[in-house]
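Input: a single structure, listed below in structure tokens.
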Amino acid sequence: IFYDDCTVEDYNVFIPNVFTPNGDQFNNVFEISITGGMLERGFIVNRWGNVIHDFHPDDLVWDGTDQKGVMVQDGVYTYVVNIRAAGSATSDQYHGFVTVIR
């Protein structure tokens, strides 16, 4: 007898709306949590529309730095992510705001 577990995880996406990258070991990163799906594309922009961070399927974390490694200022930043549920032919787009507080 062969047993294959064909259980498909429920499709869930959790995107926080605030984090505090201040080095206190609590809530120091912005992390997207995906179950039952996969990131296709994602990025964070500042208020002028400049991309300051790109997400990749194996890297769903932002530490509060820009692409040059400089810590961003306190404030509100916009994220856009496209996520495809397992077995789906299309992706869902999520967009919103994340607040950085030090």
Side-chain angles (χ1 to χ4, degrees):
I1 297 175
F2 293 100
Y3 174 77
D4 286 330
D5 185 6
C6 298
T7 306
V8 176
E9 293 180 0
D10 290 336
Y11 176 58
N12 290 309
V13 177
F14 174 74
I15 304 173
N17 62 357
V18 66
F19 76 114
T20 58
N22 57 10
D24 69 355
Q25 303 304 316
F26 297 101
N27 202 26
N28 280 326
V29 295
F30 171 82
E31 184 171 7
I32 300 169
S33 175
I34 303 169
T35 56
M38 183 176 200
L39 177 86
E40 288 189 328
R41 182 170 187 242
F43 54 89
I44 294 179
V45 296
N46 61 17
R47 64 178 137 182
W48 297 282
N50 300 324
V51 175
I52 58 170
H53 184 77
D54 285 306
F55 292 107
H56 303 283
D58 58 344
D59 181 17
L60 302 174
V61 176
W62 179 42
D63 63 358
T65 60
D66 63 14
Q67 292 181 336
K68 295 178 184 177
V70 177
M71 290 298 258
V72 299
Q73 295 180 1
D74 287 4
V76 178
Y77 296 84
T78 303
Y79 65 82
V80 178
V81 292
N82 293 333
I83 300 171
R84 182 184 307 257
S88 176
T90 61
S91 63
D92 298 319
Q93 185 176 80
Y94 296 85
H95 55 87
F97 306 102
V98 57
T99 302
V100 175
I101 302 172
R102 295 215 195 287

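In this chain, numbering begins with 1 at the start of the sequence shown.
Across I83 and V13, no two heavy atoms sit closer than the pair CD1-CG1, 3.7 Å. Between R102 and G64 the shortest heavy-atom distance is NH2-O, 3.8 Å. Annotation for T65 and V72: closest pair C-CG1, 4.1 Å, computed over non-hydrogen atoms. When all heavy atoms of M71 and P21 are compared, the closest pair comes out as CE-O, 3.4 Å. P16 and F30 get closest at one heavy-atom pair: O-CE1, 3.2 Å.
The backbone N or O of F43 lies less than 3.5 Å from no partner atom in the side chain of D54, so there is not a single donor-acceptor pair. At least one donor-acceptor pair closer than 3.5 Å links the side chain of H53 to the backbone N or O of V61. T20 places a side-chain N or O within donor-acceptor distance of the main-chain N or O of N27, the cut-off being under 3.5 Å. Between the side chain of T78 and the backbone N or O of H95 there is no donor-acceptor pair closer than 3.5 Å. With hydrogens and angles disregarded, a donor-acceptor distance shorter than 3.5 Å links the side chain of N28 to the backbone of N22.
One hydrophobic cluster, built from ILVMFWY side chains closer than 4.5 Å, holds both Y94 and L39. Placement of I44 and I15 within a single hydrophobic cluster is found when ILVMFWY residues are connected by side-chain heavy-atom separations under 4.5 Å, directly or transitively. Under a hydrophobic clustering in which Ile, Leu, Val, Met, Phe, Trp and Tyr are joined whenever their side-chain heavy atoms come within less than 4.5 Å, directly or via other members, V80 and V45 fall into the same cluster.
From R47, atom CZ reaches atom CD1 of I52 across 11.0 Å, with rounding to the nearest 0.5 Å.
Enclosure of atom CZ in F97 is not indicated, since only 12 or fewer non-hydrogen atoms of other residues, nucleotides or ligands lie within 6.0 angstrom.
Taking the six-membered ring wherever Trp is involved, the centroid distance between the rings of W62 and F19 falls below 6.0 Å.
For the side-chain hydrogen bond (donor to acceptor under 3.5 Å, both in side chains) criterion with S91, the lone passing option out of R84, E40, R41 is E40.
By the 4.5 Å heavy-atom criterion applied to side chains, I32 and Y79 are not counted as neighbours.
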The test is side-chain contact (heavy atoms from CB on, under 4.5 Å); show your working for T99 and V76 and say whether it passes.
CA-CA 4 Å; T99 302; V76 178; 3.8 Å; yes
